[in-house]
Amino acid sequence: MQQTMIDRFGRHITYLRVSVTDRCDFRCIYCMSEAMTFLPRQDLLSLEELDRLASAFVARGVRKLRLTGGEPLVRRNILWLLKALSRHLGDGLDELTLTTNGSQLVRYAEALADCGIARINVSLDTLDPDRFRAITRRGDLGGVMSGIEAAHRAGLKIKINTVALRDVNEGEFEKLIGWSHGNGFDLTLIETMPMGEIDADRTEQYLPLSLVRARLEQRFTLDDIPYRSGGPARYVQVRETGGRLGFITPMTHNFCEACNRVRVTCTGTLYMCLGQEDAADLRAPLRASEDNTLLHAAIDEAIARKPKGHDFVIGRGERPATARPMSLTGG
Ligand code: SAM
Ligand code: SF4
């Protein structure tokens, strides 16, 4: 039995997010630039290596695994990895899930449910087809909506994630709440984080959720509830709809003191904090030998340096907190 992972601030690491590819079929304006270049395919870990790596973390006490990206469902043969990882469910692992932009869900919904996935997060910033295309630069809202319906039919629980963007979707939150809750989906609003160079000005995009919440409270009654989904969101129940609304507020209120997460990229780089550059290479120890001794030693060393928190600042003239975009580390 391997040691569980506890950092120097006493935080237990029980949640691993795995970015299985940095590639994506969308180019969301807050996530990456139009001319984004992706990693050469030969740099990627194979699916077998990703399985071995994620399984090593499960052996170290990770109870929740989230596949993300880039767009996880554009990685070839992704179902193989999901099926392989599902062997840990009920045997150390409580939850296997993924975050997706929904573009491939029509094709994959049933198979995801068959892999033991119970809940998924779907990112959706607007219900307006033209605005959707403008935000994603190439996405088709109709396809995503059909995908969400397919996931719903397949019995997957759905949480919608919406990045709050000033002047872009800020007039739509009431509608998104009505639509999500009307369909039985949770909805979580997210503040934009300064990660990677994008073409637009983040200061212009940034919308503090403290302001959004105050506005929503003029229309809805929001009751704080202790519900947690294992991530950083803090939830309220909307009395008028009966549904749950989450707020992820890295900018206005960070929750780093309760952070239980680390992230690994498709090249086997471990990031101990979403908002810091420090990282540990796990690909070399993974490939160095077939047993995991070196890998576990590298994990121990990395967890011991997990920083206290991020230093996100959005303002005129500020550089991004990290050079890498969210699509490399995964949301
Ligand atoms: N492609 C998938 C998707 O969009 O759901 C998974 C990866 S995406 C990087 C994960 C989440 O991060 C999405 O909900 C996306 O909206 C969010 N995201 C991307 N860039 C962000 C940023 N700079 N600040 C806040 N959230 C961001
Ligand atoms: Fe792709 Fe997700 Fe980034 Fe949008 S947020 S560009 S869908 S990785």
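Numbering of residues begins at 1 and proceeds along the displayed sequence. Counting starts at 1 for both ligands and their atoms, following the listed order. Hydrogens, waters and symmetry mates play no part in the numbers below; they use all other heavy atoms, side chains included. This one's a predicted model, so the numbers in the text were calculated from it and none came from an experiment.
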Per-atom contacts, ligand 1 versus C31 - under 4.0 Å to a heavy atom: 19 (C), 20 (N)
Per-atom contacts, ligand 1 versus V163 - under 4.0 Å to a heavy atom: 16 (O), 26 (N)
Mode of T68 contact toward ligand 1 - side chain, backbone, both, neither (heavy atoms, under 4.0 Å):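 It is the side chain that gets close, since no backbone atom is under 4.0 Å.
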Per-residue contact class, V122 against ligand 1 - non-hydrogen pairs under 4.0 Å: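 Neither; no heavy atom under 4.0 Å.
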Subset of ligand 2 atoms that lie under 4.0 Å from at least one heavy atom of F26: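 This gives 6 (S), 7 (S) as the contact atoms.
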Do the side-chain N and O atoms of [X] and [Y] include a donor-acceptor pair separated by under 3.5 angstrom?
X: E71; Y: S103; value: no
X: T249; Y: R234; value: no
X: R66; Y: Y15; value: yes
X: D125; Y: Y30; value: yes
X: T97; Y: K64; value: no

Heavy-atom nearest neighbour in the protein, as seen from atom 4 (Fe) of ligand 2, with distance rounded to 0.1 Å: C28 SG, 2.3 Å
Salt-bridge criterion met for D223 and R239 (N-O under 4.0 Å):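 Yes, D223 and R239 are salt-bridged.
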Lys/Arg-Asp/Glu bridge criterion (N-O < 4.0 Å) met for E172, R131: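 Salt bridge present between E172 and R131.
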Under 3.5 Å: N/O of [X] near N/O of ligand 1:
X: M193; value: yes
X: G70; value: yes
X: D125; value: no
X: T100; value: yes
X: T192; value: no

Transitive ILVMFWY side-chain link V106 to L79, under 4.5 Å: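 In one cluster with V106: L79, no.
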Transitive ILVMFWY side-chain link L47 to I117, under 4.5 Å: yes
Contact check, side chains of T136 and R27, non-hydrogen atoms, under 4.5 Å: no
Proximity flag G70 to ligand 2, non-hydrogen atoms under 4.0 Å: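 The answer is yes, since G70 has a heavy atom less than 4.0 Å from ligand 2.
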Option nearest atom 2 (C) of ligand 1 (shortest heavy-atom distance, choices Q205, E71, E191, R66):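 Looking at heavy atoms only, the winner is E71.
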Nearest option to atom 8 (S) of ligand 1, as decided by whichever heavy atom of G69, C24, S103 sits closest: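 Among G69, C24, S103, the closest heavy atom to atom 8 (S) of ligand 1 belongs to G69.
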Metal check, atom 4 (Fe) of ligand 2 vs C31 N/O/S, cut-off below 2.8 Å: no
C24 backbone or side-chain N/O/S under 2.8 Å from atom 1 (Fe) of ligand 2: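 Looking at C24, which is the residue asked about, there is an N, O or S atom under 2.8 Å from atom 1 (Fe) of ligand 2.
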